[in-house]
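The structure appears below as structure tokens.
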Amino acid sequence: MALRLLTKGAAATAVARPALTISRPAFAAARQYATQEVDPKQKATSIIDSLPGNSIVSKTGYLTLGTGFATFLISKEVYVFNEETLVLVAAGGLLGVCLKYLREPFTNMANDHITRIKTVLNQARDDHKAAVQDRIDQVGQMKDIVDVTKALFELSRETAKLEAEAFQLKQQVAVASEIKATLDSWVRHEANVREREQKQLAAFLIEKIQKDLQDPATQQKILEQAVVDIQKLAKSS
């Protein structure tokens, strides 16, 4: 008797635990299933479809074999049908109902998750393909980089040559300007020296003439020469 009470307590606990852990969707589905009126034909069809087998004959055979085997076990008292069996059947039925009504939401959720992951992976693959294609296009645009580099090198070399020639001409112009400035300074110096010598010569001549004019003999000669010139003019007129 004590063993049976313990067994009943364990069975009651086993039944109570799934009931506590069932989520709200499962409880609502079970409640809807309990309150929903099911057509007997549809119910029989669903029961037959749940049996293993591919045809109605094989399913009926499995059902007959299972019923006969259970009857044999009960008749030989190998298995005793008691309240524990009812608890087991009730727990199995509840579990079957929960699995039936929770399988579709969980399947949909899993499919949505798989679809979302596939979408992310496809998007990542498309982005990667686009990035690779952009890189290929960029590299394709740089296929003439060798010719462009050669042209730029020739241009830079020509530019350096022209800069060297311009620098040389600039130096020549600077030297010519310096030479011209030196020659101009020499010409100015010679002109100043010549002008100074001419002034000195003119001053010397003027001073000498003034001294000669102050000499009486010279004055007499000049007077006589003037008289002779006047007489010549008078005779000629």
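Owing to the predicted nature of the structure, the values given are computational and were not obtained by experimental measurement.
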All N/O donor-acceptor pairs, side-chain side in residues 112-120, below 3.5 Å, sequence neighbours left out:
unit_1: His113; atom_1: ND1; unit_2: Arg116; atom_2: NH2; d: 2.8
unit_1: Thr115; atom_1: OG1; unit_2: Asn111; atom_2: O; d: 2.7
unit_1: Thr119; atom_1: OG1; unit_2: Thr115; atom_2: O; d: 2.7

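A donor atom on one side chain and an acceptor atom on the other are not found under 3.5 Å apart for Asp134 and Gln138.
Asp137 meets the side-chain hydrogen bond (donor to acceptor under 3.5 Å, both in side chains) test with Gln133; sequence neighbours excluded. Every side-chain hydrogen bond (donor to acceptor under 3.5 Å, both in side chains) that Glu224 has, sequence neighbours left out, goes to Gln220. With sequence neighbours excluded, the residues that form a side-chain contact (heavy atoms from CB on, under 4.5 Å) with Ile222 are Leu213, Thr218. By the salt bridge (Lys or Arg N to Asp or Glu O under 4.0 Å) test, Glu207 is found to be paired with Lys211, residues two or more places apart in sequence or in another chain being considered. Every residue two or more places apart in sequence or in another chain that forms a salt bridge (Lys or Arg N to Asp or Glu O under 4.0 Å) with Glu195 is listed here: Lys199. Qualifying side-chain hydrogen bond (donor to acceptor under 3.5 Å, both in side chains) partners for Asn108, counting only residues two or more places apart in sequence or in other chains: none. Here Arg157 pairs with Glu154 under the side-chain hydrogen bond (donor to acceptor under 3.5 Å, both in side chains) rule; sequence neighbours left out. Every residue meeting the side-chain contact (heavy atoms from CB on, under 4.5 Å) condition with Arg103, not counting sequence neighbours, appears here in chain and number order: Thr107.
Atoms CD1 and NZ, from Ile206 and Lys208 in turn, are 13.5 Å apart once rounded to the nearest 0.5 Å. Taken from CG in Asp126 to CD in Gln123, the straight-line distance is 6.0 Å, to the nearest 0.5 Å. Interatomic distance, Lys161 NZ to Ser156 OG, rounded to the nearest 0.5 Å: 13.5 Å. Atom CD of Gln168 is separated from atom CD of Glu165 by 7.5 Å, given to the nearest 0.5 angstrom.
Grouping Ile, Leu, Val, Met, Phe, Trp and Tyr residues whose side-chain heavy atoms lie under 4.5 Å apart, directly or via other members, places Val132 in a hydrophobic cluster with Ile136. Side-chain contacts under 4.5 Å among hydrophobic residues (ILVMFWY), followed directly or transitively, place Val175 together with Ile179, Leu183, Trp186.
Pairs of residues two or more places apart, or lying in two chains, that qualify as salt bridge (charged side-chain N to carboxylate O under 4.0 Å, His left out) and include a residue from residues 170-180 are Lys180-Asp184.
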